[in-house]
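So the structure is just underneath, and the comments pick up after that.
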Amino acid sequence: MRKIVVGTRQSALALTQTGQVVDHLRELCREHGIECEFELKKIVTKGDQILDVTLSKVGGKGLFVKEIEQALMDGEIDMAVHSMKDMPWELPEGLVIGAVPLREDPRDCLITRGAASLDELPQGAKVGTSSLRRSSQLQYYRPDLKIESIRGNIDSRLKKLESEGFDAILLAAAGLRRVGWVDRISAYLPPEVCLPAVGQGALCIECRGGDAEVLGLLKHYNNEPTAIAVAAERSFLGKLNGGCQVPIGAYATISTEADSTTITMTGMVGSPDGGQMLKDTMTGTDPVKLGSELADALIARGAADILATVRG
Ligand SMILES: NCc1[nH]cc(CCC(=O)O)c1CC(=O)O
């Protein structure tokens with residue numbers, strides 16, 4: 001019987017979502033008469049070890065993914081479960097996205113100490129986020145807010161809300177839902193106010209392109225509308241060369257009528273202080289083409305200059 005070793009980071013969120021994926025895959029194996037067993041392998045990444053520096057300064061989000069991809073290429077593991085939004089837009093040679101399962105809630109949310117919405121936060125409130133995308137959109141909407149950096153896993157950020165005197169912090173709703181902490185959410189930020197990160201709320205199941213057995217299993221786990229939406233968002237990110245942490249957001253939705261699928265996507269590029277904010281919405285049928293066209297539309301309005309300033 002084939003044993004599939006599944007690599008995961010060791011944060012509460014990573015362990016929970018990998019456990020959930022393996023449960024789903026076991027079910028799919030039963031359903032499709034596929035014989036295999038699963039084993040979890042925890043991997044400590046650089047991103048997990050370096051917690052005291054802003055991510056963009058130490059090499060961006062790819063830090064969470066690189067070591068796990070190396071383990072895949074070395075054959076130490078056969079499958080990796082990542083948060084899609086932590087995935088750099090380019091995969092190393094030989095690795096593929098085997099499945100993109102059904103997306104969780106893509107929105108960002110606010111965890112406050114009292115206020116029931118973004119509008120209710122007091123003038124000058126101290127808000128914790130290290131994401132340039134979140135700070136850009138928050139400052140654009142509420143220039144009075146004081147944004148301060150906060151890092152760490154979801155659990156340590158929730159602790160810092162109290163211990164470091166924040167009035168609110170921003171997190172992805174998906175992560176909180178997966179670990180069962182929805183009751184901590186004070187308010188959801190609609191995409192019109194805060195466009196999510198590319199791939200937010202989705203998972204990425206990565207494997208070796210030559211592993212037909214694993215690919216065969218994973219194709220049953222793929223959710224086509226999510227995969228198309230994520231492909232469009234990642235194409236947008238790729239065209240903007242969004243390698244490391246950047247103030248870029250995008251959210252695509254899919255509608256199917258008769259036999260034709262239409263993708264609607266909004267994308268944003270903003271300066272971290274919210275002083276500049278470029279946003280556009282476009283529709284299309286080819287995800288890669290749409291992502292690239294939406295990026296071009298923002299580049300024509302100066303997106304590349306904003307990003308160049310951020311990258312320094
Ligand atoms: N940057 C860290 C990260 N990567 C994935 C999630 C959870 C949400 C998701 O899976 O999209 C989070 C936490 C957060 O941003 O609040």
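What you see below is based on every heavy atom in this structure, not just the backbone, and it leaves out hydrogens, waters and symmetry mates. Both counts, for ligands and for their atoms, begin at 1 and track the order of listing.
- Using a 4.0 Å cut-off between heavy atoms, Q200 contacts ligand 1 through both its backbone and its side chain.
- Heavy-atom contacts of G201 reach the following atoms of ligand 1: 9 (C), 11 (O) (cutoff under 4.0 Å).
- E162 pairs by the side chain to side chain contact (heavy atoms under 4.5 Å, CB included) definition with R113, R184, not counting sequence neighbours.
- Between R107, R178, R133, E104, it is R178 that holds the heavy atom closest to atom 10 (O) of ligand 1.
- L290 places a side-chain heavy atom less than 4.5 Å from the side chain of M282.
- Inclusion of A202 in the set of residues having an N or O under 3.5 Å from an N or O of ligand 1 is not warranted.
- Atom CG of D259 sits in a sparse spot, with 12 or fewer heavy atoms from other residues, nucleotides or ligands closer than 6.0 Å.
- Salt-bridge check for E233 with R103: passed, with a basic side-chain N closer than 4.0 Å to an acidic carboxylate O.
- When only interatomic distances are considered, the shortest N/O to N/O separation between R157 and ligand 1 does not fall below 3.5 Å.
- The one candidate from K3, K41, R2 that meets the salt bridge (charged side-chain N to carboxylate O under 4.0 Å, His left out) condition with D78 is R2.
- The side-chain contact (heavy atoms from CB on, under 4.5 Å) with D296 is formed by just one residue from the set L298, I299, L294; it is I299.
- Judged by the shortest distance from any of its heavy atoms, L13 lies inside the 4.0 Å radius around the atoms of ligand 1.
- Those atoms of ligand 1 with a heavy atom of L171 less than 4.0 angstrom away are 16 (O).
- Using a 4.0 Å cutoff on heavy atoms, R134 counts as a contact of ligand 1.
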